[in-house]
Amino acid sequence: MTNHWIDIKNSDCILIMGSNAAENHPISFKWVIEARKSGATLISVDPRFTRTSSKADFYTALRSGTDIAFLGGMINYILSHNKYFQEYVARYTNACFIVGKKYGFHDGLFAGFDPKTRKYDKSYWAYELDANGVPKKDYTLKHPRSVFQLLKKHYSRYTLDKVSAVTGTPKEDLLKVYELYSATGKPDKAGTIMYAMGWTQHTVGVQNIRAMAIIQLLLGNMGVAGGGVNALRGESNVQGSTDHCLLFHIWPGYLPTPRASAATLADYNKKYTPVSHDPLSANWWQNKPKYVVSFLKAMFGDAAHAGNDFGYGWMPKLDDGKTYSWLDLFDAMYRGEFSGFFAWGQNPACSGANADKNREALARLDWMVNVNLFDNETASFWKGPGMDPRKVKTEVFFLPCAAFMEKEGSITNSGRWAQWRYKAQEPPGEAKPDGDIMVELFNEIRSLYAKEGGVFPDPILNLKWDYTTQGKYDAHKVARTINGEFTRDVTLKGKTYRKGQLVPSFAFLQADGSTTSGNWLYCQSYNESGNNMARRDNRDTSGIGLYSNWSWCWPVNRRILYNRASVDLMGRPWNPKKPVIAFAGEVQDGKYVTKKWVGDVPDGGWYPMMNPDGTPRSDTKYPFIMKPHGFGAVFGPGRGDGPFPEHYEPIECPVEKNLFSSQFTNPVAAVYRTQKDVYKTCNPRYPFVCTTYRVTEHWQTGVLTRWQPWLLEAEPQLFVEMSEELARLRGIQNGEKVIVESPRGKVEAVAMVTKRFRPFMVQGQEIHQVGLPWHYGWVWPPDGGDSANLLTPSAGDPNTRIPETKAFMVNVRKKGV
Amino acid sequence: MKLTRRDFLKISSAATAGLALGGCTTMGFNMQPVQEQAWRLRTQDAKETPTICCYCAVGCGILCHTDKRTGKVIYTEGDADHPINRGALCAKGAATYQVAQNDKRMTKVLYRAPYSTQWEEKSWDWALRQIAKRVKDSRDKSFTRKNAKGQVVNRCDGIASVGSAALDNEECWIYQAMLRAMGLVYIEHQARI
C-alpha cells in the first residue's frame, strides 16, 4: 500500500475491484465504513456479488480477466471528458515527456516485438532526450509524441461499446462507475483503490495495476490522504517477507539479485544504479551502492571488506535472461532438476497453480524438509491421492514449529507498519520457533563444512551468524543487524558516531564499509532510540489518522508514500482539509528563506518547487523520488509487455477473438511445456469461466484454519458457486455433489446455487462463470474436498510470473453423470 | 475512576454477557453476578501479552491471556488499544485461541524414509544432522562455479526453497541469509502466487 489501512477513512470514493475486502480483509472494512459515514461513495466491481458488494453504493460485474478493458474505458472517459487534474498531470507525471520516434503500437503489439524470442526490445520505447540527457518535456501536453497524447490515442480505442462487449458489463453501468470515480479528479477530492489477487493473478496482472496507477495519476490521487494504490496483502507478514526478499530476483530492500554478467561489485553498481542528468531529480536509487555494501557487510561482517569486494563474489549469480520464479521452480522440480527442497511455513501441494504438477514434482526429489504447525498436503504428499508410497523415493523430514504467540519478533502489515509481537506461551511438545530451527540447522551445516571441507565453503564459513543469546535465537540481535550499525568511528553531518552504534536511518549509510544494514528500508526500525517497532503510543496528532508513534513504518516512518505530490508547486496542500504535509518555511520578499515541513515525514525534505511569488527554485526535487526522472509513470517503459496496459484475453478464455486486436493473448505471457501444462481455450469440454477465492473463516490453503473446530464448523467443505441459470442448464440442485474439472484436474464439490453469479453477455453470447474457494486439502477434514488449485493453469504474468488462477476454463457436472 | 478503552470494553462485554444470560433466567435465579464473577476469575490472574494476528496483512492487535500457573494461553481477544482494529477481530482472528490450544498441533519431529508407508518419530539432533548431511551432499554435487558461458556464478542448482510470509521479519532475514550463503537461487514464497 502506498497509504495505510486507517487512511481509507479519508477517501471520497473507494473502488474495490480485484478484492473482496469485507470478507478477506474484514477489519479493513471498518475504515471503509468510516469513510462512508463521512459521505464517501463505495463502488464494488466483481464477477460475483460479494459481501463487499452488499455494502456498496454501486455494484457491477465484469467477466474475470477483462479488467484492463474496464479500466481502459475509464482512462478514455477521464481524458475525453476532461476529468483529469491538469496541473498535477502536467507537473508531477511523465505525461509531459516526449517519447522517441521509434515508439509505435499496431494491432495489439508495441514496437520492438521479436516474434522469434517472444520478447520486446524496450529501447523502442525510450524517451527523447535533450543535449544533457534529460527527457524532453512539453508541459502543455500538446506535443503529438508526448506521453499524454499517446495515452489519449491508445485509449480512444476503448469505447463503451467495445468495452461492454468484452467485459459483459452493461454500458450504463460502465458509465456510472466512470462518472463516480472520475469525480475525484478535483484537487480537494481523493479516490482510492483496494485490490488484491483478483488483479495480480492474471497473465496481465502487472498491467491491471498499471492501468489503475495511470488513473490515480490522472486524477491526482497519488500521495494524498484517502488516495494511493493499495494492495490488500493476504498474509500477516507477506509485506515483510517481500521486503526481506525471499524471492529469486531481489536481495533485501529490493536490490536486484546479480546476474552472471555483473562479475564484480563495480559491474553490479554500474548495471543496476540508475542515472539521471536532471539536477532536479532526486533519483533516490542513485544511493544503491551504499545499500548494497551495507547489506554485504550485514551478511558477512568483518569478513567483507574493500579488499574482497565486500564478499560480492560469494553471492550466487543468476544467468542473464533466465527466470527462477515459483512456476519455473516447480517446472524444474518436475523435470527432476533438484535433489533437495525446503517448504518452510508453506503448503505448495495446495497453494501453487496446477497443484497436481507440483505434487508429482515432489515425488522426484531425493529429500524434502517441511516446517509447519499442522500436518498438511505437502508433508504427507507421498500418501496422497494417486500416490503409492512404496514407489515414492522422497525422504521427508517434518519439523514442528512454534505458532505466532509462542515467539517474539516483528511483522509488517500491508500499510508497511512493522509491529513487534511478544511471546505468550511456550510451543507445545518439542515444537520450536522457526528462528531456533534455522540457527541450529545452519550451525550443523557450517560445522560439516568446517570439518570436512567441500565445494566453495567460503560463504558458508564466513556468514555472520551470531544471533543467539544463551544458546537461543534472539530476534533483537537480528533486528539490530537488519537496522545496521557503524563498523568504525565516523563523523557524518557534523556528528560523530562510534563503532558499534546503531545507524540512525538510511540517510547515514555508506558505500565504504563503515556501515552495515541488512535491509536499508528498515534502517531506523531499531536504532539508538530503541526498538521503534514496539512503540504503542496510540494518540493521533495528525488529524488524518497517521498514528505516527504507533509501531514504525518504512521508509523512515513515512506513513503516506509520495506525499510531496499532495501539495502544489508552492508546498500548499491540494486539500487543505486533509493535509498530509504542508510547507511552513518563512517567506521574505515572496521567497521561502527557511525550510520546514509539517505533518507526515515528507518524501525528501527539500524546498517546494516554487516560491510563493511563482519563481521556480533550483534547490528542490521532483516529488516521485524513486523514479529516475522524478515523475509518476503514466508511461511505463520498464515493463516486459509494453509501456501502456493493453487488453489481451486470458490464456484460457471463452471467446474466439480479442475485440481490441488480432493479438489474442499476452504475446509475452509465461507458459510452460511439460505434459502437465495443458491449456484449453474455447473448448466445448470446458465451457465455463472459473475463478478461485476465499471465505472469511479460512485462510489460504487452510493449513491453520481447517484444524480449528470453530472455523471448520462454519465452512466445512469445498463448494462451487454458480448462478441459478447455470444450475438449471446443468440440472444441478443447490447442495448436490458435483464434479468441477479443468484440462488439468478435477475436484468434487458441493453445488452452491446463488443469485450472486449472473450470466454475462460477451460478444453477443451468454457466458457463465463459476467460482470456488481454495482452502481445502485431502489431509483434513475427511471429505472436505481437495485443493481448487488442481484446476488452475501454470501460466503467468511476464513481469512477475504470478500464475493466472483468477481466470481459467472448467466444466461442472452432476456427480455420477 | 479512570477507565481505559480496554477496561471499558471488558466491563461492557461482561455486562452484555450477563444480560444475555439474564434473559434465560429460570426459577427466579439472577445469573448476572455469578457470570460477572466467572468472567473476572477467568482472566484476573492471567498475564496479558500483546501480539499481532497471524492471518491477513491488516495487522490487527490481539491480546493473549496466559495463565500464570500453567503458562498456557487461556483466552485471546482483540486489542482495544490498537489503532487499526480497536478491539475488533474477524472470525479467524477471534478464533486464535484454537491455534494456541489445539490437540492436532504437531509436537514431534517426523521422518518418512524412502518408499516407506509411514512416519517415524525422531529427535531434533538426529533430524538436523541428517538434513545438514543431505544439504551438503546435494550442494556439493550440484554446485555450479561457472555457467555455460564460462561466467562465475557460484550457485547451488540442486536445492530449492519456498517460504515464508508466515515467518517474522527477523526470521525471514536470517533465512534468506543462510540460503544465499549456501548458494541457492531458487528462493521463492507466497508473495509470488
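Reminder, nothing fancy here: chain letters follow the sequence lines and each chain counts from 1. Scope of the values below: all heavy atoms of this structure, side chains included, with no hydrogens, waters or symmetry mates. No experiment lies behind these values; they were computed from the predicted model shown.
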What's the spacing between B:Glu171 CD and A:Asp434 CG if we round to 0.5 Å?
4.5 Å
Is there a donor-acceptor contact under 3.5 Å linking the side chains of B:Ser138 and A:Trp367?
yes
Applying a strict 4.5 Å limit to non-hydrogen atoms, the region of A:Trp5 in contact with chain B is side chain
For the pair B:Ser164 (side chain) and A:Gly345 (backbone), establish whether a donor and an acceptor sit closer than 3.5 Å, ignoring hydrogens and angles.
yes
Do we see a donor-acceptor contact under 3.5 Å between the side chains of B:Tyr111 and A:Glu395?
yes
Most contacts with chain B, counted as non-hydrogen pairs under 4.5 angstrom, among A:Gly454, A:Ser261, A:Ala431, A:Gly796
A:Gly454
Cut-off 4.5 Å, heavy atoms of chain B, and the answer for A:Met197 is side chain
Taken to the nearest 0.5 Å, the spacing of A:Glu235 CD from B:Leu167 CG works out to 10.5 Å
Tell me which of these, A:Met438, A:His698, A:Arg233, has more heavy-atom pairs under 4.5 Å with chain B than the rest.
A:Met438
Under 4.5 Å heavy-atom distance to chain B, tell me which part of A:Ala479 shows up: side chain, backbone, both or neither.
both
Check whether B:Glu188 gets within reach of chain A through its side chain, its backbone, both or neither, counting any heavy atom under 4.5 Å.
both
At a heavy-atom separation under 4.5 Å, does A:Gln201 approach chain B through its side chain, its backbone, both, or neither?
side chain
Check: A:Trp326 main-chain N/O paired with B:Arg192 side-chain donor or acceptor under 3.5 Å
no
With only heavy atoms counted, which part of A:Val392 is less than 4.5 Å from chain B, the side chain, the backbone, both or neither?
both
Under 4.5 Å from any heavy atom of chain B - which part of A:Trp550:
side chain
Is the closest basic N to carboxylate O distance between A:Asp319 and B:Arg155 below 4.0 Å?
yes
Is the gap between the ring centers of B:Tyr186 and A:Phe338 under 6.0 Å?
yes
Using non-hydrogen atoms only, which part of A:Lys477 is less than 4.5 Å away from chain B: side chain, backbone, both, or neither?
neither
Which bit of A:Trp251 comes within less than 4.5 Å of chain B, counting heavy atoms only: side chain, backbone, both or neither?
both
Would you mind checking if B:Glu170 and A:Lys407 are paired as a salt bridge, meaning a charged N to carboxylate O distance below 4.0 Å?
no
The interface call for A:Phe341 against chain B, heavy-atom contacts under 4.5 Å, is both
Rounded distance [0.5 Å steps], NE2 in B:His189 versus OG in A:Ser241:
2.5 Å
Could you tell me whether B:Arg145 atom CZ has more than 12 heavy atoms of other residues or ligands within 6.0 Å of it?
yes
Nearest 0.5 Å, what's the CG-CZ distance between B:Leu184 and A:Phe342?
8.0 Å
Is there a side-chain contact between A:Leu704 and B:Cys54 (heavy atoms, below 4.5 Å)?
yes
Does a donor on one side chain sit under 3.5 Å from an acceptor on the other, for A:Gln425 and B:Gln101?
yes
Can you confirm whether B:Lys133 is buried at NZ, in the sense that more than 12 heavy atoms of other residues, nucleotides or ligands lie under 6.0 Å from that atom?
no
Are a donor atom and an acceptor atom from the side chains of A:Asn237 and B:Asn169 found within less than 3.5 Å of each other?
yes
Heavy-atom cut-off 4.5 Å, strictly under: side chain, backbone, both or neither for A:Pro348 against chain B?
side chain
Under 3.5 Å, is there a donor-acceptor pair between the side chain of B:Trp124 and the main chain of A:Glu430?
yes
Decide if atom NZ of A:Lys393 counts as having more than 12 heavy atoms of other residues, nucleotides or ligands within a radius under 6.0 Å.
yes
Under 6.0 Å from the six-membered ring centre of A:Tyr449 and within 45° of its axis: does the NZ or CZ of B:Lys136 meet both?
yes
Donor on one side chain, acceptor on other, B:His82 and A:Gln419, under 3.5 Å
yes
